[in-house]
Amino acid sequence: MRNGSLQSFAKINPLVGLPPKTLRLYSVLGVFKKEYSSSEKPDWFRVPEADQRLKNIGLSKRGIEKAFQELVRVDLLQIHEERDARWYSLK
């Protein structure tokens with residue numbers, strides 16, 4: 001597939017072209033959104049570091065941070081830090 005075509009598809013669907021581990025993290029975040037959402041702001045959720053699903057995606061802590069940055073870059077994730085807590089919102 002030509003690079004121009006891949007970029008065209010990525011404009012339609014930002015998941016196109018993301019690394020497989022970033023896609024796995026995105027899927028896990030969807031589960032966390034349902035289980036760990038804020039009662040005050042339902043679109044925002046926390047990511048528990050001790051959750052086994054986070055460990056099963058095969059990324060180191062640094063790899064997870066890199067995947068978060070990748071998802072923010074393609075505008076699929078927002079991160080908000082408040083009072084020593086990190087909150088996430090998927091788009």
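One-based numbering along the sequence shown. The structure presented is a predicted model; accordingly, all values stated were derived computationally and were not measured.
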Within residues 24-44 or reaching into it, pairs that qualify as salt bridge (Lys or Arg N to Asp or Glu O under 4.0 Å) - sequence neighbours excluded: Glu35-Arg53
Pairwise salt bridge (Lys or Arg N to Asp or Glu O under 4.0 Å) hits with a residue in residues 78-91, at least two apart: Glu65-Arg86, Asp75-Lys91, Glu81-Arg86
Pairing residues for Ala85 by the side chain to side chain contact (heavy atoms under 4.5 Å, CB included) criterion, not counting sequence neighbours: Arg46, Trp87
From CG (Leu25) to CG (Leu18), nearest 0.5 Å: 10.5 Å
Considering all heavy atoms, the nearest [X]-[Y] contact:
X     : Y     : value
Ile57 : Lys21 : O-CG, 4.3 Å
Ser37 : Phe45 : CA-CB, 3.8 Å
Tyr26 : Leu76 : CE1-CB, 4.0 Å

If Ile, Leu, Val, Met, Phe, Trp and Tyr residues are connected whenever their side-chain heavy atoms lie under 4.5 Å apart, and connections chain through other members, are [X] and [Y] in the same group?
X     : Y     : value
Tyr88 : Val74 : yes
Leu90 : Val28 : yes
Val31 : Phe68 : no

Criterion side chain to side chain contact (heavy atoms under 4.5 Å, CB included) on Leu54 and Leu59, from CA distance to verdict: CA-CA 8 Å; Leu54 192 58; Leu59 287 170; over 6 Å; no
Chi angles and distances behind the side chain to side chain contact (heavy atoms under 4.5 Å, CB included) call for Ile64, Val47: CA-CA 11 Å; Ile64 290 171; Val47 175; over 6 Å; no
Residues in ring pair (Phe, Tyr, Trp, His ring centres under 6.0 Å) contact with Phe32, at least two apart in sequence or another chain: Tyr36
